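As the structure is a computational prediction, the values presented were derived from the model and not from experiment. Lettering of chains follows the sequences in order, A, B, ..., and the numbering in each one begins at 1.
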Amino acid sequence: MTQLARLKAQVTDDLRESLRRTGEAGEVPSVEGPEVVWEYPSEPGFGDLATPVAFALARSARRRPRDIAEMLRRHLDLDPQFVDRVEVGGAGYLNLFLTKAFWQQVIPGILTGGEEYGRSRVGAGKRAQVEFVSANPTGPLHVGHGRGAAVGDAVANLLAAAGFAVEREFYVNDAGTQIEMLARSVLARYRQGFKMNAPLPEQGYHGEYVRDVAAALQAEVGEKFLDLPEQESLPAIGEFATRLMLEEIKGDLERFGIHFDSWVSEKALLSRWGPPDRDRLVAAVRDLFGPNVYEEEGAIWLRTSAFGDDKDRVLIRANGEPTYFISDCVYHREKCERGFDRLINVWGADHHGYIPRVKAALEALGYASEPLHVVLVQMVTVLRGGMPIPMSKRSGEFVTLAEVMDEVGTDAARFIFLTRRSDSPLDFDLEVAKAQSMENPVYYVQYAHARLSSVLREAEKAGVPGPYLEAPLALLDQPEEISLLKHLALYPEMVEAAAVTYEPHRMPAYLQNLAGELHGYYNKYRIIGADRPLSQARLALVSATRTVLANALTLLGVKAPERM
RNA sequence: GCGCCCAUAGCUCAGCUGGAUAGAGCGACGGACUACGAAUCCGUAGGUCAGAGGUUCGAAUCCUCUUGGGCGCGCCA
């Protein structure tokens, strides 16, 4: 628990006590523990902490909020070491002005906490799984996957910082017709490699990478698949191509700085259901869902409408083939069985219509749907100098994640993917992303970190080395210093809020504010000077700021460079 | 037709469980390096929070409608 959290809890208690006393004094009718919410006013005149609790009481007490706030204020008994004074502001706000000593105290917490500063225990003892990317292994990752990867990884990092035991999972859609289509496409290119007339299938994959896979296939098996009947060659080619694509995907992700704890194969999952003959499938499905399964017009349906979905969904088609939905059911059942307290799915926003049916499936399986939360990630439009680059999956023309990493680097890409809320569409301009200028927020933040690293190196040279635990912090009394301290003090709450709402985009916003505070401060004041105690105090502040910058950047998967 | 999401400064976007005078960045204009990193800073300009009702002491935030956008609605994956 941070100093700030402790103070808020303490003042909340005092406030309740004050309420009780005002009630006893007959000044207002006693009210059962009202919600005490705390705000951080941006206006200095409104103090450091403010609560509108008097407004909530005004109605039942039939008194003006200002009067109630005034009574509460008189009955408050707060520690003068931390709370300088309390004022009634506006129409009835209770404004707390904290002492400089209080804010100065955040520094020791940060310096001793180090990498741990900002971690909390809200998720302690709980397990969370974050499933993300989960791209079909039918082609390379594109920018959209990159955004999903950045978001999923950041959400996982945030949950871990909030105390959850986190597992990152990639669900490999290696079963079904899309793999078969990939195999047919590779086979066509493979045959073309032998000067045969073999057109790509109608719905085939047109990307250049298919030729690469075909060439690799030829290098491995030579002419072997030319004579083989397709029933034999296609499964083998499918496996070969899937393996190759997965390797490429893994390589891209590794380069993007993302590591998965588990890779779950849809094919392997389904194969546990035995051979795909209809009777056994139906039996398995009935066994799984019980009475919520019924047969109509030759198909097997799940009664998802009984659990909040618009309509029922087909599990097994009339032709005996299982649907994609059945895979989802089986997969999510397995997730539940693994005993996670939270299941986070990061999906493309075009899949939002699937949320009700998957939740319904969980309910039908006898699990609660609440632990499942879907983070939707909207489309990325790639621009170059303001002009959109056309992308089409069908023609195989799309900007790959690898290309983005080549051109703008991983740090800029990851940071930009996280600057907007994930469910709003993102314009990603390559020229802006690689510009090392103020247009590019990632450098603004990284520069702050590099700059402070440099200052700390200078301090060492000047004979004022760290870790500044004994620094006379009372000397930090300039308004910019107090403001910076407040930002640092708020960091743990930021992380916790971003984690529980699954909204990583709050972190870049926080970072830009913090970096802004720092740059302003740096330009106005000299850190290392003739006054040694003052230098030490400022270096303590600088060191603490650097730690928070580094911790926050790490959560986003962005490097915190010592030099740039 | 039904459902979900969105509309905030010229541009790109924040705005936490409703709170005080709605904020950044970019772009524009004007300034600041003989001291720790000018990839920086300081200042100026810029708003009917799409529109109309409603709830509330109080609404960018919640509800309804309208307009204008995005997406989803298959025994496809």
Side-chain angles (χ1 to χ4, degrees), chain A residues 35 37 39-43 45-46 50-52 55-56 58-59 64-65 89-93 95 136 138 173 175-179 181 203 296-301 310-311 313-325 327 348-356 376 378-379 386 419-421 423-427 429 432 435-448 450-459 461-462 464 493-494 497-498 501 503 505-506 508-510 512-513 515-516 518-530 535 538-539 542 563-564:
Chain A
E35 188 101 8
V37 297
E39 299 166 19
Y40 304 103
S42 47
E43 186 72 31
F46 298 154
T51 178
F55 292 101
R59 173 176 275 245
R64 284 162 49 208
Y93 265 92
N95 294 332
N136 293 345
T138 53
N173 293 112
T177 55
Q178 75 276 24
I179 297 296
M181 195 52 73
Q203 301 289 324
E296 195 175 290
E297 292 173 22
I300 303 295
W301 298 70
D310 311 341
K311 51 183 169 186
R313 305 292 169 179
V314 170
L315 293 165
I316 303 169
R317 289 177 239 165
N319 68 6
E321 292 282 317
T323 60
Y324 183 80
F325 179 52
S327 297
D350 53 343
H351 287 75
H352 69 80
Y354 285 74
I355 299 172
L376 293 175
Q378 268 289 2
M379 292 222 342
T419 47
R420 286 195 229 330
R421 37 182 314 138
D423 62 359
S424 81
L426 171 70
D427 285 341
D429 195 313
V432 173
Q436 305 202 350
S437 74
M438 291 176 282
E439 274 182 88
N440 196 341
V442 63
Y443 294 112
Y444 184 79
V445 175
Q446 287 186 318
Y447 181 64
R451 183 178 236 181
L452 295 187
S453 303
S454 172
V455 172
L456 292 168
R457 284 192 298 267
E458 286 301 318
K461 281 189 221 161
V464 201
E493 292 187 9
M494 274 302 311
T501 56
E503 291 184 354
H505 77 276
R506 296 187 190 196
Y510 171 84
Q512 289 181 69
N513 280 334
L518 182 274
H519 285 310
Y521 173 61
Y522 179 88
N523 273 280
K524 183 164 177 182
Y525 296 97
R526 181 145 181 97
I527 310 297
I528 306 166
S535 298
R538 289 184 172 171
L539 283 163
V542 156
R563 291 184 169 83
M564 342 182 8

Taking 4.0 Å as the cut-off, does a side-chain nitrogen or oxygen of A/Y444 come that near to OP1 or OP2 on B/C41?
yes
Does A/H505 have a side-chain nitrogen or oxygen under 4.0 Å from the phosphate oxygens OP1 or OP2 of B/C16?
no
I'd like to know if the side chain of A/R421 and the backbone of A/H505 have a donor-acceptor N/O pair within less than 3.5 Å.
no
Does B/A39 have its OP1 or OP2 closer than 4.0 Å to a side-chain nitrogen or oxygen of A/Y443?
no
Sequence-distant partners of A/A318, side chain to side chain contact (heavy atoms under 4.5 Å, CB included), two or more places apart:
none
Whole-Å gap separating P (B/U40) and NZ (A/K524):
20 Å
Expressed in angstrom and rounded to an integer, what is the separation of A/Y521 atom OH from B/G37 atom P?
15 Å
Give A/M564 one of three labels, base, sugar-phosphate or nothing, depending on what nucleic acid heavy atoms sit under 4.0 Å from its own.
base
Spacing of A/E39 atom CD relative to B/G18 atom P, expressed in whole Å
11 Å
Between the main-chain N or O of A/Y447 and the side-chain N or O of A/H519, is there a donor-acceptor pair closer than 3.5 Å?
no
Between C1' of B/U17 and CD of A/E493, the distance in whole Å:
13 Å
Donor-acceptor pair (no angle test) under 3.5 Å: A/N95 side chain, B/A20 base
yes
Is A/S535 reaching over with its side chain to a backbone N or O of A/G529, donor-acceptor style, under 3.5 angstrom?
yes
Just call it for A/Y510: base, sugar-phosphate, or nothing, with non-hydrogen atoms closer than 4.0 Å on any strand.
nothing
Walking RNA chain B from its 5' end, the first of A/A175 and A/F46 to be reached, judged by nearest nucleotide, is A/F46
Could you check whether A/Q178 and A/Y324, counting side-chain N and O atoms only, form a donor-acceptor pair closer than 3.5 Å?
no
Whichever of A/A515 and A/L452 has its nearest RNA chain B nucleotide further upstream toward 5'
A/L452
Contact class for A/A50 (heavy atom, under 4.0 Å): base, sugar-phosphate, or nothing?
base
Any side-chain heavy atom of A/I527 sitting closer than 4.5 Å to one from A/E458?
no
So what does A/T177 touch, heavy atoms closer than 4.0 Å: a base, only the sugar-phosphate, or nothing?
sugar-phosphate
Secondary-structure stems for RNA chain B, with pairs counted as Watson-Crick or G-U when both distances are under 3.5 Å and runs at least 3 long
B:1-5 with B:69-73, B:10-13 with B:23-26, B:28-32 with B:40-44, B:50-54 with B:62-66
Side chain to side chain contact (heavy atoms under 4.5 Å, CB included) partners for A/N513, two or more places apart
A/H487
Does the ring of A/F55 lie flat against the base of B/G58, closer than 5.5 Å centre to centre with planes under 30°?
no
Rounded distance in Å between the P positions of B/U67 and B/G1
10 Å
Using the side-chain heavy atoms of A/S424, tell me which of these nucleotides is nearest: B/A14, B/G37, B/C41.
B/A14
Quick one: which of B/C41, B/C13, B/G37 gets closest to the side chain of A/N523?
B/C41
A/S424 OG to A/L376 CG distance, which is reported to the nearest 0.5 Å
12.0 Å
Kindly write out the residues that satisfy side chain to side chain contact (heavy atoms under 4.5 Å, CB included) with A/S454, not counting sequence neighbours, or none if the list is empty.
A/R457
If you count heavy atoms of other groups shown closer than 6.0 angstrom to CE of A/M379, is the number above 12?
no
Taking atom C1' in both B/A24 and B/G46, compute the distance separating them and give it to the nearest angstrom.
14 Å
Measure from the side-chain heavy atoms of A/P41 and tell me the nearest of B/G37, B/A14, B/A20.
B/A20
Interatomic distance, A/I355 CD1 vs B/G3 P [rounded to whole Å]:
17 Å
Report the residues that fulfil ring-ring contact (aromatic ring centres under 6.0 Å, His included) with A/Y525, sequence neighbours left out, ordered by chain and then residue number.
A/Y521
Pick one for B/C41: is it syn, with its angle within 90° of 0, or anti?
anti
Please classify the nucleic acid contact of A/A462 as base, sugar-phosphate, or nothing, using heavy-atom distances under 4.0 Å.
nothing
Side chain of A/R420 only, heavy atoms from C-beta on: which candidate in B/C41, B/G37, B/U12 is closest?
B/U12
Sugar-phosphate only, base, or nothing, as touched by A/R526 at under 4.0 Å among non-hydrogen atoms
base
Atom OH of A/Y522 to atom C1' of B/A32: distance rounded to whole Å?
14 Å
Per-nucleotide protein contact along nucleotides 70-75 of chain B, 5' to 3', at a 4.0 Å heavy-atom cut-off (B base, S sugar-phosphate only, - neither), is -BSSSB
